[in-house]
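Both ligands and their constituent atoms are indexed starting at 1 by order of listing. Reckoned from all heavy atoms, side chains included, excluding hydrogens, waters and symmetry mates.
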Amino acid sequence: MSDDSITSILKEDRVFNPTAEFSSDAHVKSLKEYKKIYKKSIEHPEKFWAEKAKQLHWFKKWHTILRNDHGFFKWFEGGELNISYNCLDRHVNAGKGNKLALIWEAEDGEVKRYTYSELLAEVCKFSNVLKGHGLKRGDRVCIYMPMVPELAIAMLACARIGAIHSIVFGGFSSDSLKDRIDDCEAKLVITADGTFRAGKIIPLKVNVDLAIKKNKSVEKVVVVKRCKNKVTMKKKRDLWWHDEISKDNIEDTCPAESMHSEDSLFILYTSGTTGKPKGVLHTQAGYLLYVYQTFKWVFDAKDNDVYWCTADIGWITGHSYIVYGPLANSSTTLMFEGVPTYPSPDRFWKIVEKHKVSVFYTAPTAVRALMRLGDEWPKKCNLKSLRLLGTVGEPINPEAWIWYHKIIGKEKCPIVDTWWQTETGGIMITPLPGATPTKPGSATLPFPGIVPAILKEDGSEAKANEGGNLVIKKPWPGMLRTVWGDPQRYKETYFGKYEHIYLAGDSARYDRDGYFWVMGRNDDVIKVSGHRIGTAEVESHLVSYKDVAEAAVVPIPHKIKGWSIYAFVTLKKGTKGTEKTRKNIVAHVAKEMGHIAKPERIQFTDFLPKTRSGKIMRRILKAIAEGKKDVGNTTTLADPSVVPRLIKGRIK
Ligand code: WTA
């Protein structure tokens, strides 16, 4: 976030109380009640979580609630359950088979609906397909799909048979897909012939073909026919989804594997400080319990809710709060294939009206973009069904918060600004909508059982409003268990700075009321439209372009996206920094990594600010890119005279 918006947040002191009507019916009804629950939850966290865990269906009860195994945390050891069983069979067995589980709206407006019984049958059929191709517990399945129901079905089917899914966001390129498939040694890939985006067909299967060209682990590729796009099917390797599930021997029942609490559930790759994305690993019981309980309290789950989270399932928000959290609570979850503004700027609001959405969860970047298009679009639609709003992914600026509150929430819907991460599995700092008075721009207070703190570099606790590193002091059930194939990296990244304390990688402060204000990343991660992009990964794709010698990437504030990418690029001798070169470089990054990683601006330069030992000083580049007059201390630079020259060449 820019300094201007930080200042505006520091001045923000408006407080919004939940309405009496909302509170009286909520799971947690007052701040007093929250405080009581919170106090108990952190005095006896194991007791608190064990109590909640009883609401799930266990094939076998646990014997140990929590164990620290040399820095690797284990929850509910001895217990056995299945997340797909908990999301489907449990509700069907309880007589809710006819309740709507999933509503899907396609980009062209087509709608499909699945009751809990129907979804269970589809999941069982696909589980049997997977088993028929030799998939078993512990095998990895890579899912690279558009937002179609088959994506949710595929996840739940993997979970049902104990296979580990690793979903790769459909906006990633074949190269990024290849790295992820190779790293987890996937045995099977599920994809689609293509997807629609703002009326255009985006191919997906061809990216899979490229990604697995030299791969040895992938045995089969299952392809969903979505847009009748022409694809090449490799004999014996590639199979059509619709052929597979309609085979005579495919039954619509399939027993759920009894999984140990700490068996792996899924891997989700996310950007970190070094180039290679990290495979964040989540396991069965703790993750399920955590998304179950957070969904219930944060979104105040009610039996007649229609809940819509606009994220893509390729990110953690979609895993936890489109699929697992809502289904574990027997809610009706809506899944949308398209974008907010196609075919017209009121697409989101039309969906709310059409399906009578009651709980709506989106990203601040979407709120800002929709706000810019003018109030007339939401005002044309009937948004009366809405009772609760949420945001996730980045700080929300007070201006956007107020617009969301007034124009979308009609000043009656509480807003839950939820702070969390891929690694945390679920929501960590958040209002509870019936209990917590909100302040625009603050994620407010910790969820029960969560102990956040702000630490200074030396490990001491920061005082109110002082600011520092956001950490979590106690383990929680939804936390990542390790980095796939690299336990050392797990220890170093998350527990390397402060002993036994989880480092989030964000800077934040708390105010005099104990409310948390998250400022943004303090590592080499840029949040572009809420998507998590590693600068090192972008840089490696920049230098892989034939004419680029060296590159350094920094974030700059962006009105809609929150942040965007500014790249300093040194070209190889003999190449000129023309507009054509710039365009080619941007296209190269889009092709190699994906559109979301495209640099917004490129400054060509013959020199980068380096220390005497050759380290690029990104702090200085960041100040230059942001147009700051004072770029800070430059005395450690090998050649401080590069600074004024770089300032002169800044791209506005
Ligand atoms: C940022 C997304 C401020 C933060 C669920 C975090 C937020 C990163 C908020 C994780 C929020 C997420 N306020 N910042 N409410 N929510 N962030 O792994 O920088 O894609 O570290 O998970 O998003 O991004 P990730």
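Ring-plane geometry between W49 and Y290 is classed as tilted, the angle between the planes lying from 30 to 60 degrees on a 0 to 90 degree scale.
At a heavy-atom cutoff of 4.0 Å, ligand 1 is surrounded by I316, T317, V392, G393, E394, P395, D417, T418, W419, W420, Q421, T422, D506, V518, R521, K527, R532.
Judged as a salt bridge (Lys or Arg N to Asp or Glu O under 4.0 Å), and not counting sequence neighbours, the contacts of K456 are E466. Evaluation of the ring-ring contact (aromatic ring centres under 6.0 Å, His included) rule for H405 yields F16, W401 as partners, not counting sequence neighbours.
Pairs of residues two or more places apart, or lying in two chains, never qualify as salt bridge (Lys or Arg N to Asp or Glu O under 4.0 Å) while including a residue from residues 285-298.
Taking the six-membered ring wherever Trp is involved, the centroid distance between the rings of Y307 and Y321 does not fall below 6.0 Å.
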Residue pair H531, H595: steps toward the ring pair (Phe, Tyr, Trp, His ring centres under 6.0 Å) verdict: CA-CA 11 Å; H531 297 322; H595 282 275; over 10 Å; no

